[in-house]
S.K.: 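Just dropping this structure here.
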Protein chains: 2
Amino acid sequence: MTPPTRLSWKDVRDEIHKAILSGRYGPGDRLPRDADIAEEMNCARSTVQRAMQDLSDSGLVDRRRKGGTRVRAEPVTRATLDIPITRREVEQRGGRYGYQLIRRVEETAPHSVLATFELTTPQPMQRIEALHFSDGRPYILEDRWVCPETVPEIRDLDLTSQSANEWLVLNKPYSRCDMRFFAITAEPQMAELLETEVGAALLVIERTTWIETAPITTVKAITAPGYRLLTTS
Amino acid sequence: MTPPTRLSWKDVRDEIHKAILSGRYGPGDRLPRDADIAEEMNCARSTVQRAMQDLSDSGLVDRRRKGGTRVRAEPVTRATLDIPITRREVEQRGGRYGYQLIRRVEETAPHSVLATFELTTPQPMQRIEALHFSDGRPYILEDRWVCPETVPEIRDLDLTSQSANEWLVLNKPYSRCDMRFFAITAEPQMAELLETEVGAALLVIERTTWIETAPITTVKAITAPGYRLLTTS
DNA sequence: AAAGCTAATATGTACGTACTTATTTTGTCA
DNA sequence: TGACAAAATAAGTACGTACATATTAGCTTT
C-alpha cells in the first residue's frame, strides 16, 4: 500500500539518466518522445520536458524540435565552478583572512588588457595590486585593472581596508564573465610577495567582467603554490 | 498595435536579472513574491517560478519557502566548464590529432589514488600513460588509473590506436565526476615527453569519475606549456 | 521565560490543455 | 531529377489550478 506518490521531474530525470548509464541508450541513440516517456512513466509530458531540459543543460543529451532527443554522440564533461569572494574562501577553509594593498596607479591600459576587454580604443584604467592572506601567509596575489569609465566610483574608493575584489562583487554586478585558467612560473617580484621561490609553478585564475558590453574589470588571481581549484560536487 | 506577445520565462528571468544589475535590489534584499511579480508582469506564477529557479541555479538569488527570494548576500562567480574528448578538442582548434600510448601496467594503486577514489582497501589497478598531440606537438600528457573491478573490459582493450580517454567517455558514463585544477613544475620525464624544459609551469586538470560509488578512473591531464582552460561563455 | 503546538505563508511541483516554433518529411510541379 | 511548397512532427512554452512542503510567526501552555 505505498501511497500513489507522484513522480517529480527530478525522479524522471534520474530514471532517464540511469537508463543512459546502464547502456540501454548509447551515444547517438534516439530516446523515445517525451509524450511516450510520459505515458510509460505515468506522468504529464511537462514533467518529462522539465527533466529532459535538465539533462540537456548538463550536456548529456541533445534535443531538437522534430528531431527528438538523442544521447550526445561526443559527450562533454561539464563542470561547475564556484569562485567566492576571497575573504569568504579563506574563512570557509577555517583560516584567518588578511588583506594588503600593494600598489595602485592609473595609467593607459596595455594592449593585452584592451584585447581582453575586446576594446580597440586605448583608455586610462586603474591598476590595483593586492595580497590576500590566510593565517598570515600569502594566499592570492591579485593583479587587477578596473575601467573607471564604467566604474567611476573606483577613483574615490578607499582600498586599504576593503579589497577591490569584495567591493566590486558586492557593488558591480556583471552580465558577462569570462574566465581563464593557466599556469605560470613565479617571477622574482611575485615570488617575494607570495613568499616562495622564483620558478615555482602558480595557478592563475583570470576573470574578466562586463556589464552588457561595457568593461568592468579584469583580474589575474595568482594563487600561492599548492593552491587547488575544485569543482562543486 | 504590437501583438500581445506572451512573456517567456527567459524574458522574466532577464527582466529580474536587469533589476538586480541596475541596483534596484542589492545583496541581501528581498524580492517581491513570485505571485506579485507575476501579476505585475502579467504572466502566470509558474512562469515566474521557472525564471526564479534559473536565477537560483546560477547563484544570483537565494530562495527559501516562506522566506521568499533574496539577492545573494555574498555572491559567487559561477562558471561552467566543458571538457571535451581530447581528440575533439584538438580538432576543434583546427589541429591534426595524434595519439601515442607510453606505458601500461597493472599494479597496486598507491594510497594517493585510493584516497582520490575514497577507497580504503588496496587493490590492483591499471595505470595508463599516454600522449596526445596537436599537429605533431605534444598537447596533453595523460596519467591515468583505471579500476578493473568496475571496468573489466579495460584488460582486453587495445589502447595503441584508441585512447583510454576516448573509450571510457564513450563507453563508461559516470554518475559523479570531481575535478581539480592546479599547477606543477615539469619534472625531467614530463619535460622530455612534452618537449619542454624542466621546471616549466604546467596546468594539470585532474578528473575522477564514479558510477554510483564504484570508482571508474582518475586521470591527471598534464597540459603542455601555454595551455589555457576557458569557460564556456 | 522556555518549550511546544498551530496557523500563516511563500516557494515547489504536477497536471492537462492549448498553442508556438523549429525541423524534417513528404508531395508536387517544373 | 531538382527545386520548392505543404504537411507532419516533436520539442518549447504559457497558463491556471490544485496540492505539497518547508519555514516562519504567533499563540498557548507549563
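Chain letters run A, B, ... following the sequence lines, proteins first, then strands; residues in each count from 1. When reading the values below, keep in mind they use all heavy atoms of this one structure, side chains included, and skip hydrogens, waters and symmetry mates. Since the model is a prediction, treat every value here as computed from it, not as a measurement.
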S.K.: Tell me, yes or no, whether the heavy-atom count around B:Lys220 atom NZ, taken from other residues, nucleotides or ligands under 6.0 Å, exceeds 12.
M.R.: no
S.K.: OP1 or OP2 of D:dT13 less than 4.0 angstrom from a side-chain nitrogen or oxygen of A:Ser46, does that happen here?
M.R.: no
S.K.: Starting from P on D:dT13, measure out to CZ on A:Arg63 and report it in whole angstrom.
M.R.: 10 Å
S.K.: Nearest whole Å is fine: how far is D:dA11 C1' from A:Asp57 CG?
M.R.: 14 Å
S.K.: Hey, is CD on B:Glu74 packed in by over 12 heavy atoms from elsewhere, all under 6.0 Å?
M.R.: yes
S.K.: Looking at A:Glu149, I'd like to know if its CD atom is crowded, meaning that more than 12 non-hydrogen atoms belonging to other residues, nucleotides or ligands lie closer than 6.0 Å.
M.R.: no
S.K.: Could you state the atom-to-atom distance from NZ of B:Lys66 to P of D:dA25 in whole Å?
M.R.: 7 Å
S.K.: So for A:Arg64 and C:dT23, does any side-chain atom that can act as donor or acceptor lie under 3.5 Å from a complementary atom in the base?
M.R.: no
S.K.: Provide, to the nearest angstrom, the distance between the CZ atom belonging to A:Arg50 and the C1' atom belonging to C:dC15.
M.R.: 16 Å
S.K.: What integer distance in Å separates B:Asp11:CG from D:dA14:P?
M.R.: 8 Å
S.K.: Describe the nucleic acid contact of B:Gln53 in one word from base, sugar-phosphate, nothing, applying a heavy-atom distance below 4.0 Å.
M.R.: sugar-phosphate
S.K.: So with a 6.0 Å cut-off around CD of A:Glu39, is the heavy-atom count from everything else above 12?
M.R.: no
S.K.: Report yes if a donor N or O on one partner sits less than 3.5 Å from an acceptor N or O on the other, where the partners are the side chain of B:Arg65 and the base of C:dT11; otherwise report no.
M.R.: yes
S.K.: Nearest whole Å is fine: how far is D:dC15 P from A:Arg45 CZ?
M.R.: 16 Å
S.K.: Can you work out whether A:Lys10 or B:Gly68 has the more 5'-proximal nearest nucleotide on DNA chain C?
M.R.: B:Gly68
S.K.: Contact class for B:Thr47 (heavy atom, under 4.0 Å): base, sugar-phosphate, or nothing?
M.R.: sugar-phosphate
S.K.: Looking at CG of A:Leu55 and CZ of A:Arg13, how far apart are the two atoms once the value is rounded to the nearest 0.5 Å?
M.R.: 7.0 Å
S.K.: C:dT17 P sits how many Å from A:Gln49 CD, rounded?
M.R.: 17 Å
S.K.: Does a side-chain N or O of B:Thr69 approach OP1 or OP2 of C:dT11 to a distance below 4.0 Å, or not?
M.R.: yes
S.K.: Just checking B:Gly67: base, sugar-phosphate only, or nothing, at a heavy-atom cut-off of under 4.0 Å?
M.R.: nothing
S.K.: For A:Arg30 and D:dA11, what is the distance between atoms CZ and C1' respectively, to the nearest whole Å?
M.R.: 11 Å
